[in-house]
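Report on one structure; see the data block that follows.
Counting starts at 1 for both ligands and their atoms, following the listed order. All values below come from the heavy atoms of this structure, side chains included, with hydrogens, waters and symmetry mates left out.
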Amino acid sequence: MKELDMNNQVIMVSGISGQLGQTISNAIINNGGKVLGMDVSSAEMKKTAKSYGWNKDQILLQEVDIRDKSAIEKAFGNGLEYFGKITSQINNAGVSVFAPWTERSEKDFDWVTDVNLKGTFFCMKTFMQYCIDSGNEGAIVNVSSHYGLISPDPRIYTDCARRNSEVYGATKAGVIQMTKYFSVNAIADGAKIRVNAVAPGGIKNPWNPQGEDFQKLYSERCPMGRLAELEEMVGPVLFLLSQDASYINGHTLVVDGGMTAW
Ligand SMILES: NC(=O)c1ccc[n+]([C@@H]2O[C@H](COP(=O)([O-])OP(=O)(O)OC[C@H]3O[C@@H](n4cnc5c(N)ncnc54)[C@H](O)[C@@H]3O)[C@@H](O)[C@H]2O)c1
């Protein structure tokens with residue numbers, strides 16, 4: 001397969017300190033690529049980079065809250081100056097709230113919408129504009145969720161405080177729609193890029209494991225009988241970025257062990 005050859009690739013990854021962001025970035029770096037990493041805390045990013053042994057030839061870390069359009073643009077410009085090019089983009093940063101919908105505050109609703117939709121849009125906009133201006137032929141992968149396609153089943157969230165919210169699902173459905181929109185309209189406006197998404201199912205968190213009852217009930221609900229391992233998200237994301245996916249555009253690759261199949 002060609003997808004693991006990341007030589008000559010410089011990939012912008014948002015949410016790099018998170019479990020998925022760091023796992024994907026590590027795979028990119030291990031396969032010869034470079035990463036422009038963004039997240040809200042410089043200290044956390046440095047801790048992450050140190051734990052993997054990434055060096056400054058491999059990664060540039062930029063403290064950015066993706067709700068801030070000008071901060072994204074500045075960090076992207078810094079990355080461009082540092083590496084000379086940005087070839088592709090993974091929009092991975094995302095947040096959720098877990099209180100019942102009956103207690104949803106306007107502030108929480110706005111926060112999830114601003115990070116997951118507005119932030120993702122302005123990251124995409126910055127990269128797509130660069131592709132139009134430079135002629136870069138790259139790809140975007142947006143990280144949605146299976147909860148952008150189906151509702152969480154409340155019966156499996158008995159001992160789990162992280163019962164997902166309406167606003168999370170709505171924004172993740174929005175990410176899928178934005179993916180489709182730009183897979184058509186970025187090309188129409190002169191960007192030579194492909195825009196796709198992945199929709200992961202529940203991922204086992206090795207650092208902060210979900211409740212035992214939740215894991216059991218989720219596994220019973222999932223045709224494959226388990227949650228995903230973090231590493232199982234790497235191949236799908238890198239595949240969509242790669243030349244192996246050169247005719248795949250506007251697609252959402254569901255990686256959920258079959259959870260949305262019934
Ligand atoms: N973990 C799962 O089971 C699961 C399932 C489906 C989809 N996803 C999606 O995968 C992506 C990564 O999830 P994760 O499990 O690694 O979550 P995580 O919480 O471990 O990581 C998310 C990262 O995004 C960063 N972030 C949050 N707000 C930001 C902002 N305003 N600006 C910049 N960075 C910001 C956080 O600091 C964090 O490092 C998210 O979009 C999430 O919705 C996760």
Between Asp68 and Ser70, a side-chain donor and acceptor under 3.5 Å:
yes
What about Ile66: any of its N or O atoms under 3.5 Å from an N or O on ligand 1?
yes
List the atom of Ser145, the atom of Tyr168, and the distance in Å for their closest heavy-atom pair.
CB-OH, 3.5 Å
For Met38, is at least one N or O under 3.5 Å away from an N or O on ligand 1?
no
Under 3.5 Å, sequence neighbours excluded: what are the donor-acceptor pairs made by side chains of residues 75-82?
| residue | atom | partner | partner atom | Å |
| --- | --- | --- | --- | --- |
| Asn78 | ND2 | Gln62 | OE1 | 2.8 |
| Tyr82 | OH | Lys56 | O | 2.5 |

Atoms in ligand 1 with a heavy atom of Asp65 nearer than 4.0 Å
30 (C), 31 (N), 32 (N)
Is the closest heavy-atom distance from Gly201 to ligand 1 below 4.0 Å?
yes
Chi angles and distances behind the salt bridge (charged side-chain N to carboxylate O under 4.0 Å, His left out) call for Glu73, Lys69
CA-CA 6 Å; Glu73 289 166 355; Lys69 174 179 170 291; 3.2 Å; yes
Is ligand 1 less than 4.0 angstrom away from at least one heavy atom of Ser41?
no
Can you tell me if Gln19 has a non-hydrogen atom under 4.0 Å from ligand 1?
yes
With a 4.0 Å cut-off on heavy atoms, is Gln22 in contact with ligand 1?
no
Pairs in or reaching into residues 117-128: which pass side-chain hydrogen bond (donor to acceptor under 3.5 Å, both in side chains), with residues at least two apart or in two chains?
none
N/O of Gly202 under 3.5 Å from N/O of ligand 1, yes or no?
no
Is there side-chain contact between Val255 and Met233, with at least one heavy-atom pair below 4.5 Å?
yes
Backbone or side chain, does any N or O of Tyr168 fall under 3.5 Å from an N or O of ligand 1?
yes
